[in-house]
Participant: 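Right, I'll just put the structure down here and ask away after.
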2 protein chains.
Amino acid sequence: MSNPRSSPVRLKDIARDLNVSVMTVSKVVRGCADVGAETRRRVLARIKELNYQPNWVARSLAAGRTFIIGLIVPDLMHSFFAEIAKGVSATIQPMGYDVVICNSEENGGVEASEIDRLLGRQVDGLILASAQPPSSTEVFERIAARGVPLVLIDRRFAGVPAPYVGVDDEAIGRLATLHLIERGCRRIAHIAGPPLTPGVGRLKGYQDALAAAGISVPGSYIVRAADDASGYQAARRLLELQPRPDAIFGYNDPTAAGAMKAILEAGIDIPGQMKVIGVGNVHYSDLLRVPLSTIDQSSAAIGQHAAETLVKVISSKRKRPARSIIIEPVLIARESTAATAGHRAA
Amino acid sequence: MSNPRSSPVRLKDIARDLNVSVMTVSKVVRGCADVGAETRRRVLARIKELNYQPNWVARSLAAGRTFIIGLIVPDLMHSFFAEIAKGVSATIQPMGYDVVICNSEENGGVEASEIDRLLGRQVDGLILASAQPPSSTEVFERIAARGVPLVLIDRRFAGVPAPYVGVDDEAIGRLATLHLIERGCRRIAHIAGPPLTPGVGRLKGYQDALAAAGISVPGSYIVRAADDASGYQAARRLLELQPRPDAIFGYNDPTAAGAMKAILEAGIDIPGQMKVIGVGNVHYSDLLRVPLSTIDQSSAAIGQHAAETLVKVISSKRKRPARSIIIEPVLIARESTAATAGHRAA
DNA sequence: CTGAAAGCGCTAACAC
DNA sequence: GTGTTAGCGCTTTCAG
C-alpha cells in the first residue's frame with residue numbers, strides 16, 4: 001500500500017507511466033471537461049493507484065492563488081473568537097479554502113506583523129477582528145495596496161472601505177439595559193469595555209436606553225474593564241458607591257461573570273438584591289454561580305457570514321464594495337436577572 | 001508611501017534597479033554573509049524603500065520547505081486545546097514557522113482529510129491530538145510514508161513511532177482520587193471520558209488509588225460522559241444510586257462543572273454533602289457556582305514542548321527518535337473539595 | 001480533444 | 001564577492 005519514505009508522486013510521474021502529457025493529467029486532476037473519456041479513466045485509475053496528491057505550493061505559484069485565507073483575532077482563548085474561527089473554517093473549507101488562524105494578543109503591532117506574514121504567504125483574502133487603535137488605518141492601506149480582499153469583523157473602523165460583519169452594538173446596549181429596566185432596576189451600572197466599537201457602541205446603547213426611560217445615573221456608575229479579572233475589580237468599586245447600584249450590565253460575559261463573583265463574595269444576593277447581565281452567551285454562562293443572563297451575538301453566524309462575504313469579494317472581478325452585514329442581538333434571560341418580588345436593594 | 005494596487009515587488013525588480021543579479025539580492029534578503037558591505041547597504045536601502053516582502057510560495061517551492069507546521073485538534077472551542085494552540089504558536093513563530101490550525105470535530109475521518117490537506121500544502125511537520133480510534137494507525141503511516149515529522153499530543157497511540165507530549169493521565173487519576181480520599185470521602189464516583197488514552201489512564205489512576213487505599217466501590221459508580229451536557233446527565237444518574245456517592249471525580253472540567261449543576265439542582269450541598277473535582281483547570285473554573293477543584297495539566301506547556309520537539313525532529317537529519325515528554329499534573333484545590341467538619345452525606 | 005512552450009518567484013549548486 | 005545555470009511542480013496560453 002504505502003512504500004515507506006517514497007518521494008511524493010508528481011503529475012510528471014503519472015504522465016510518463018501513461019504516455020500522455022503532463023497537461024492532460026493536470027486537466028483530469030482539475031476536472032476540466034476537455035479530456036477524452038478513456039484517457040480520463042486511465043489517468044484517474046493511476047492517480048488512485050499511486051495516491052497522488054497535488055502539490056499546492058507549486059499549484060499556488062503557477063496559478064497565482066493559494067486558496068488560503070487568513071483570519072486574525074485578538075484572542076483565541078476567548079470563546080467568542082474561537083467560535084467565529086470555527087464558523088469561518090466550517091463555511092469556507094467546503095468552498096476549497098484553508099484558513100490560517102492568527103492571534104494578535106490584542107496588540108496592534110503583533111497584528112501588523114501577522115498581516116505581513118500572511119500577505120507574504122500570498123493569502124487570497126483576510127478576515128480581521130482588528131486590534132488597531134481606532135483611528136489608525138495604516139495596516140488597512142497596506143492590505144488594500146496589495147489588492148487583497150478584506151472583511152472586518154467585530155470591530156468597525158471608520159473610513160476603511162472594507163465590508164464589515166458584526167452585531168449591532170448599540171442595539172446590544174439598549175436591549176440589555178431595557179431588560180434591566182423592565183425588571184424594575186433603576187440604578188443601573190455599566191462595566192464598559194475597551195474604547196473600540198463594541199465597547200463604545202454598547203455604552204451608547206446603555207446611555208440611550210436610560211435616557212429614553214428618563215433614568216439618570218451618576219457618572220461613577222460607569223467603570224471600565226475587559227475580562228473576568230478586571231470585571232471583578234470593577235464590580236468591587238461599584239459596590240462601594242452610595243447609593244449602591246441595583247444592576248450591572250457587563251460589557252461581555254467574562255466581565256459580568258467576574259462582577260458576579262465580587263457581588264456574591266460581598267454577600268449580596270443575585271438576582272434578589274442585584275441583577276447582572278452580560279454579552280456573548282459564552283458556553284459556560286449556564287454553569288456559573290448564578291446562571292448569567294446575556295445577549296447572544298451569534299458568533300458562529302458572524303464567522304459564517306464573514307467567510308461568505310470574503311469569498312464573494314474574492315470571486316468578483318470588479319470592485320463590488322460588498323455590503324456589510326449587521327446581525328441583530330437576542331436576549332437570553334437566565335436567573336441572574338430573574339424577576340424578584342419587590343426587588344429591594346440596600 | 002503606498003501606491004495603490006501596485007503589483008508586489010520582486011527580487012528581480014530590485015536587482016534590475018541596482019544593476020546586480022537576482023542572486024545577490026536573494027542572498028541579502030536571507031542574510032547570507034558572502035555579500036560586499038556596500039552592495040548589501042544599497043540592496044537593503046532599496047528593499048526598505050520599496051517595502052519588499054518575500055513571496056513565500058515561491059520560496060517554499062524552490063527551497064523545498066514551507067516553514068509551515070500543521071496543528072490538528074479535536075475541538076478549538078475546548079479551552080484546553082485553544083491554550084495548546086496558543087502555546088504552539090507562541091513557541092514556534094519566533095523560530096520562523098507559521099501554524100495552520102485545524103479542527104477535526106473529534107472525527108477520525110475529518111481528521112484524515114485535514115491531514116491530507118496539510119500534506120498537500122507541504123507542511124514541514126505536524127502536531128496532532130488525534131481523534132482516530134485507538135488501534136487505527138493508517139493515517140500515521142500515511143504521514144510517515146511522506147517522511148513528515150510528527151508529534152502526538154494529549155492522546156497516545158501504541159506502536160506509532162512518534163514522540164508524544166502530554167500529561168501523565170494515570171497520575172492525574174491518582175492525584176484527584178487521593179485528594180478526595182484525604183478529604184474524607186469513601187464513596188467516590190467517577191465520570192469517565194471517551195475510550196482514548198486520557199480517559200482510560202485517568203480511570204486506571206482512579207481505580208489504582210482506590211485499591212491502594214483499600215476502598216471498593218460499586219461498578220455503578222463509574223459512568224461515562226464527554227462534556228458539560230453529558231456530565232450533567234451522568235451526575236443525575238449517580239445521584240439516584242444507593243448509597244449515594246459522597247464525591248465525584250470528573251474526567252475533565254466540563255464534565256465536572258456539568259455534574260455540579262446537577263448536584264446543586266438536587267439541593268445537595270457542595271462541598272458539605274458531596275465533593276467534586278475535575279481536570280484541566282479551565283479558565284472559568286474559579287467562576288463556577290462553587291469554585292471547582294481541578295488538576296492542572298499545563299496546557300500551554302504541552303503546546304510549547306510539542307513545538308520544540310517538532311522543530312528538533314525537523315532539524316535533525318538522522319532519524320533521531322526524539323524523546324517523549326510527560327508532564328506531571330498539579331492539584332489545584334478550591335472550594336468544591338474544601339474540608340468539611342464531619343463530611344456527612346445522605 | 002491533446003500537447004508544446006513559457007513561466008510563476010525564488011533558491012540550490014557551482015562557476016567566475 | 002558575484003553571477004550563472006537549472007530547476008522546484010504546476011498552470012496558463014495557444015497551437016495542433
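Proteins get letters first, then strands, A, B, ... in listed order; numbering begins at 1 in each.
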Participant: Taking heavy atoms of chain A and a 4.0 Å limit, find me the 5'-most and 3'-most nucleotide of DNA chain D within that range.
Facilitator: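 From 5' to 3', the first and last contacting nucleotides are D:dG9 to D:dT12.
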Participant: Kindly state each residue pair satisfying side chain to side chain donor-acceptor pair (under 3.5 Å) with at least one member in residues 157-166 of chain A, sequence neighbours excluded.
Facilitator: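 Pairs touching residues 157-166 of chain A that pass the test: none.
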Participant: Mind checking if A:Asn55 touches a base, just sugar-phosphate, or nothing, with heavy atoms under 4.0 Å?
Facilitator: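 Touches sugar-phosphate only.
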Participant: Evaluate A:Ile327 against A:His305 for side-chain contact (heavy atoms from CB on, under 4.5 Å), listing each step before the verdict.
Facilitator: CA-CA 10 Å; A:Ile327 294 169; A:His305 287 130; 3.8 Å; yes
Participant: Listed in order of residue number, which residues of residues 9-25 of chain B have a non-hydrogen atom at under 4.0 Å from DNA chain C?
Facilitator: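 Contacts with DNA chain C under 4.0 Å: B:Arg10, B:Leu11, B:Val22, B:Met23.
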Participant: On a heavy-atom basis, which atom in B:Arg40 and which in B:Gly31 lie closest, and how many Å separate them?
Facilitator: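 The answer is NH2-C, 4.2 Å.
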Participant: Can you give me the closest heavy-atom contact between B:Asp154 and B:Ala129, atom names plus distance?
Facilitator: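 Smallest heavy-atom distance, with atoms named: CB-CB, 4.3 Å.
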Participant: Give B:Thr39 one of three labels, base, sugar-phosphate or nothing, depending on what nucleic acid heavy atoms sit under 4.0 Å from its own.
Facilitator: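 Since only primed, P, OP1 and OP2 atoms lie under 4.0 Å of B:Thr39, the category is sugar-phosphate.
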Participant: With nearest nucleotide decided by heavy atoms, which residue, B:Ala58 or A:Gly36, maps closer to the 5′ end of DNA chain C?
Facilitator: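 Closest to the 5' end, via its nearest nucleotide, is A:Gly36.
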Participant: For chain A and DNA chain C, what are the first and last nucleotides along the strand, 5' to 3', with at least one atom under 4.0 angstrom from a heavy atom of the protein chain?
Facilitator: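 So the outermost contacting nucleotides come out as C:dC1 to C:dG9.
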Participant: Within the structure provided, determine whether B:Ile68 and B:Val123 are in side-chain contact (heavy-atom separation under 4.5 Å).
Facilitator: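 Yes, close enough: below the 4.5 Å cut-off.
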Participant: Does A:Asp13 have any salt bridge (charged side-chain N to carboxylate O under 4.0 Å, His left out) partners at least two apart in sequence or in another chain, and if so, which?
Facilitator: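 Here the qualifying residues are A:Arg10, A:Arg16.
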Participant: Side-chain donor-acceptor pair under 3.5 Å between A:Thr91 and A:Glu308, yes or no?
Facilitator: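 Result is no, nothing qualifies.
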Participant: Applying ring pair (Phe, Tyr, Trp, His ring centres under 6.0 Å), name anything that partners A:Tyr52, two or more places apart in sequence or on another chain.
Facilitator: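 Residues passing ring pair (Phe, Tyr, Trp, His ring centres under 6.0 Å) with A:Tyr52: none at all.
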Participant: Can you tell me how far CZ of B:Arg65 sits from CZ of B:Phe67, rounded to the nearest 0.5 angstrom?
Facilitator: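 If we round to the nearest 0.5 Å, B:Phe67:CZ and B:Arg65:CZ are 3.5 Å apart.
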Participant: Could you tell me which non-hydrogen atom of A:Ser104 sits nearest to which non-hydrogen atom of A:Glu111, and how far apart they are?
Facilitator: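 For A:Ser104 versus A:Glu111, the nearest heavy atoms are CB-CB, 3.8 Å.
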